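Written below as structure tokens is the structure these notes are about.
Everything quoted here is computed from the prediction, not taken from an experiment.
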2 protein chains.
Amino acid sequence: MVRLKSPVRPEWVDPAICSTEYRLKIIGRLPFFQHLPAEAIIKINGLFHDHDFSLDERIYLEGDQADRLYLVAMGKVKLVRSTSSGREVLLDILPGGEYFGTLTVFGGRAHTETAIAQTDCCILQISSGDFERILAKHPDVMRKVLEAVSKRLAESQEIVRQLSAYTAEQRIASALLRLAGKLGEARGQGVLIQLPFSRQDLAAMTGATTETVSRIISRFVEDGLVKSGRKWVTIMDMKRLEELTKKGAVN
Amino acid sequence: MVRLKSPVRPEWVDPAICSTEYRLKIIGRLPFFQHLPAEAIIKINGLFHDHDFSLDERIYLEGDQADRLYLVAMGKVKLVRSTSSGREVLLDILPGGEYFGTLTVFGGRAHTETAIAQTDCCILQISSGDFERILAKHPDVMRKVLEAVSKRLAESQEIVRQLSAYTAEQRIASALLRLAGKLGEARGQGVLIQLPFSRQDLAAMTGATTETVSRIISRFVEDGLVKSGRKWVTIMDMKRLEELTKKGAVN
DNA sequence: CGACTTTTTGAGTCTAGTCAAAACATGTGG
DNA sequence: CCACATGTTTTGACTAGACTCAAAAAGTCG
């Protein structure tokens, strides 16, 4: 059987592609703007500035003053928090179309996490002030923002639960499923996750070490649950992975 | 040395105390109403209904339809999520004056956690509909709600970090400090935490087992960091506890 | 083809979990 | 006020899952 080498196809992040047309599409799809009429979106678009970041560049740091809302136009961004001991905890990976930095636009003065470009990417930014003016003009947008933040809170609490009660194996299985749902691409019968993301990243998401992640992924490969290589994983058997996360947790 | 037996003094939860006067005080202190004029608070008060719950009674269950916002008037409430395997994860403990259930008023259809009376308590409730009408009338309230939810999101992410990178000892130290800040009462040179809360609860907060919690608390007692007994803990040396949480995490 | 990074594997150790039983507290009824 | 029933906390012995350190193997890129 021919083993597929690397199914990863690097995304093209051509700054030129951040055209007005594309920006309108991305902005218009944001959960809190999608109900607005086209003219409003066009106006709002004018308030966003774009900025390219290259792989591994930091978009902002934990502790930086939070005075902007960010939007991933192209590429992927990861949100991390680091511990005093240097260990990184990966809170979330955001594909194109997702916003970040919000949380702190309201209330918070400083960012509580660091945002890093997971790939070369193009980021749209809007200042707190401009965003607040939008909120003032469109009261319904605020409700949507609230919904969006609430949803993230629920997700975060779900992760708390998993970290508390799951074994490393279950946490990894669950992280893969979550990523597949959010960032996966169909590939034959499997779902490919190519962020790209390394064992490191997966370890930082699940509170495990790279070695442990590697061992467990190897086990998954043996059992035919996934295929994997450098910086990618393809899920071959979602069903069994899901069962893993459900079966008798620590007790 | 005389060991202090039980410093716990049960709170009196006298339903009669949920007087209009007291209700106004509690409601007026909510982060999202506190800026409103007294007349508005009085009007809002009329929309809340009170209900007493006794120890261990469930206020709502994970999965229940979320159609109300709750407010702890008297007593304490804990929010838990349980895993398929029956293990409980304690997400938060709320003292008088805190709200809950919100998250799902906006966007969510179902509660994502279960709320349980940690003591006998008196809960104020307002229907989604009435609350939304308040939001519509006072746009600034919505912004405050958003801030409040954002703050909880940041807290939740902090817990994710701790669960990922801290040892059980550090998580327990950190949980004690958090509880002390929120629910502690000064007692001589120490800070007493009497929710009441058991080793069970502390275990469920920190993702550890009761036995582990017990062993670690015993070590803390030996080292003079805390005093403890059935359902209470007094922190004697905050500084050293804080150092514990900072010192070399898993790496 | 190297040089470099990422992933895998192995051996040894330690933290925290499991199971079981004893010690303690607290509240009740005699 | 004591003895008992019940629920909570502590302790002990054992085990297992996950971490550490170290080194080999496999991919990737210029």
**Item:** Lys/Arg N to Asp/Glu carboxylate O, B:Asp92 vs B:Lys182, below 4.0 Å
**Value:** yes

**Request:** May I ask you to evaluate whether A:Ser198 reaches the phosphate of C:dT6, defined as a side-chain N or O under 4.0 Å from OP1 or OP2?
**Result:** no

**Fill in**
Looking only at D:dT9, C:dT7, D:dC19, the nucleotide nearest the A:Arg87 side chain is D:dC19

**Item:** A:Ala208 side chain, from C-beta outward: closest of D:dT10, C:dT6, D:dC19
**Value:** D:dC19

**Item:** Under-4.0 Å salt bridge between B:Glu155 and B:Arg178
**Value:** no

**Message:** With a cut-off of less than 4.0 Å, is there a side-chain N or O of A:Thr209 near OP1 or OP2 of D:dA18?
**Reply:** no

**Request:** Give the rounded distance in Å between these two atoms: CD of B:Glu169 and P of C:dA16.
**Result:** 8 Å

**Item:** Modelled atom types, side-chain donor and acceptor of B:Arg171 and A:Ser164, under 3.5 Å
**Value:** no

**Asked** Between C:dT15 atom P and B:Leu244 atom CG, what is the distance in whole Å?
**Response** 14 Å

**Prompt:** Any idea which heavy atoms bring A:Val160 and B:Leu91 closest together, and the distance?
**Reply:** CG1-CD2, 4.0 Å

**Prompt:** For the pair made of CD in A:Gln200 and C1' in C:dC4, what is the distance, rounded to whole Å?
**Reply:** 15 Å

**Prompt:** Side chain of B:Arg230: nearest nucleotide among C:dA25, D:dA22, C:dT7?
**Reply:** C:dA25

**Prompt:** Quick one: A:Arg215 CZ to D:dA24 C1', roughly how many Å, whole number?
**Reply:** 13 Å

**Closest-nucleotide 5' rank along DNA chain C - winner of B:Glu211 and B:Ile216** = B:Ile216

**Request:** Respond yes when some side-chain nitrogen or oxygen of B:Thr210 is under 4.0 Å from OP1 or OP2 of D:dT9, and no when none is.
**Result:** no

**Prompt:** What is the distance, rounded to the nearest whole Å, between atom OH of A:Tyr166 and atom P of D:dA16?
**Reply:** 23 Å

**Asked** Within the pair B:Ser214 and D:dT10, is there a side-chain N or O less than 4.0 Å away from OP1 or OP2?
**Response** yes

**Asked** Could you state the CG-P distance from A:Asp56 to C:dT5, rounded to the nearest angstrom?
**Response** 12 Å

**Request:** Look at A:Glu113 together with B:Arg161 and state whether they make a salt bridge at an N to O cut-off of under 4.0 Å.
**Result:** no

**A:Ile172 CD1 to D:dG17 P, straight-line distance once rounded to whole Å** = 14 Å

**Proximity to the side chain of B:Thr167 - top-ranked nucleotide from D:dA13, C:dA16, D:dA18** = C:dA16

**Message:** Taking the minimum atom-to-atom distance to the side chain of B:Ser218, which one of D:dT11, C:dT7, D:dC19 wins?
**Reply:** D:dT11

**Message:** Rounding to an integer number of Å, can you tell me how far A:Arg219 CZ sits from C:dT9 P?
**Reply:** 12 Å

